[in-house]
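Only a predicted model underlies this, so the values are computations on that prediction, with no experimental measurement involved. Lettering follows sequence order; numbering is per chain, from 1.
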Amino acid sequence: QKEVEQNSGPLSVPEGAIASLNCTYSDRGSQSFFWYRQYSGKSPELIMSIYSNGDKEDGRFTAQLNKASQYVSLLIRDSQPSDSATYLCAPRKKLTFGKGTLLTVNP
Amino acid sequence: EAGVAQSPRYKIIEKRQSVAFWCNPISGHATLYWYQQILGQGPKLLIQFQNNGVVDDSQLPKDRFSAERLKGVDSTLKIQPAKLEDSAVYLCASSLESTRIKYFGPGTRLLVL
């Protein structure tokens with residue numbers, strides 16, 4: 001079983017909608033996670049980190065961590081075309097990535 | 001604050017040739033990572049250094065790949081000999097320590113013909 005699994009998509013949403021990105025993980029010892037965004041042809045950049053169960057909000061982004069179910073999610077409210085990118089999640093202690101989810105926001 | 005620097009940005013070689021990539025992490029960052037990202041996939045960790053010591057190289061194909069971080073600052077990643085399947089973007093990242101935010105360099109795009 002891979003350490004981190006994501007639905008590779010593509011996920012397509014209309015502008016202004018909520019985009020929901022999910023990630024499941026196998027290591028119960030993982031306590032916190034990073035979400036990175038990667039534009040085509042660019043390097044990953046950190047957009048959110050979450051260190052405890054529950055939700056963390058930052059502007060239009062909300063990260064959710066559920067340790068019991070071993071999943072972490074990222075919600076993007078009021079999606080914009082500029083949000084179109086691949087989103088990668090990774091455990092904070094060991095930065096091993098899943099395949100990422102390609103998000104396309106249609107104007 | 002300067003970011004992670006990598007060179008070259010692009011490299012085209014023929015199979016069986018050798019190639020080397022260089023990375024200069026953010027000043028003061030003790031942890032350095034090399035990743036391989038094949039088109040359409042997430043970055044795959046090749047090797048992690050803590051200062052000049054190797055923490056994890058379990059996914060490094062050691063028959064052809066080697067990496068070093070002399071003096072605990074700059075790092076080089078070498079492939080010898082290259083294969084067609086090594087065509088990828090090689091990303092370097094650094095962090096203050098292993099559990100802190102990782103910052104990525106611009107990457108080196110390698111094409112093996």
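- The 12-atom threshold is not exceeded at CD of E14(B), counting heavy atoms of other residues, nucleotides or ligands nearer than 6.0 Å.
- At most 12 heavy atoms of other shown residues, nucleotides or ligands fall within 6.0 angstrom of atom CG in L39(B).
- Both the backbone and the side chain of I101(B) come within less than 4.5 Å of a heavy atom in chain A.
- A distance of 12.0 Å separates CD of Q41(B) from OG1 of T86(A), quoted to the nearest 0.5 Å.
- With values rounded to the nearest 0.5 angstrom, T96(A) atom OG1 is found 7.5 Å from Y35(B) atom OH.
- In this structure, K71(B) places its NZ atom where only 12 or fewer heavy-atom neighbours from other residues, nucleotides or ligands lie under 6.0 Å away.
- Counted within 6.0 Å of NZ on K42(A), heavy atoms from surrounding residues, nucleotides or ligands total 12 or fewer; the atom is thus considered open.
- The CZ atom of F104(B) lies 8.0 Å from the CD atom of Q38(A); values are rounded to the nearest 0.5 Å.
- Between G42(B) and L88(A), the closest heavy-atom pair is CA-CD2, 4.1 Å.
- Under a cut-off of 6.0 angstrom, the local environment of NZ in K67(A) is crowded, with over 12 non-hydrogen atoms contributed by other residues, nucleotides or ligands.
- With hydrogens and angles disregarded, a donor-acceptor distance shorter than 3.5 Å links the side chain of Y36(A) to the backbone of K102(B).
- Neither the backbone nor the side chain of Q59(B) comes within less than 4.5 Å of any heavy atom in chain A.
- Distance alone, capped at 3.5 Å, is enough to place a donor-acceptor pair between the S43(A) side chain and the G105(B) backbone.
- More than 12 non-hydrogen atoms from other residues, nucleotides or ligands lie less than 6.0 angstrom from CD of Q70(A).
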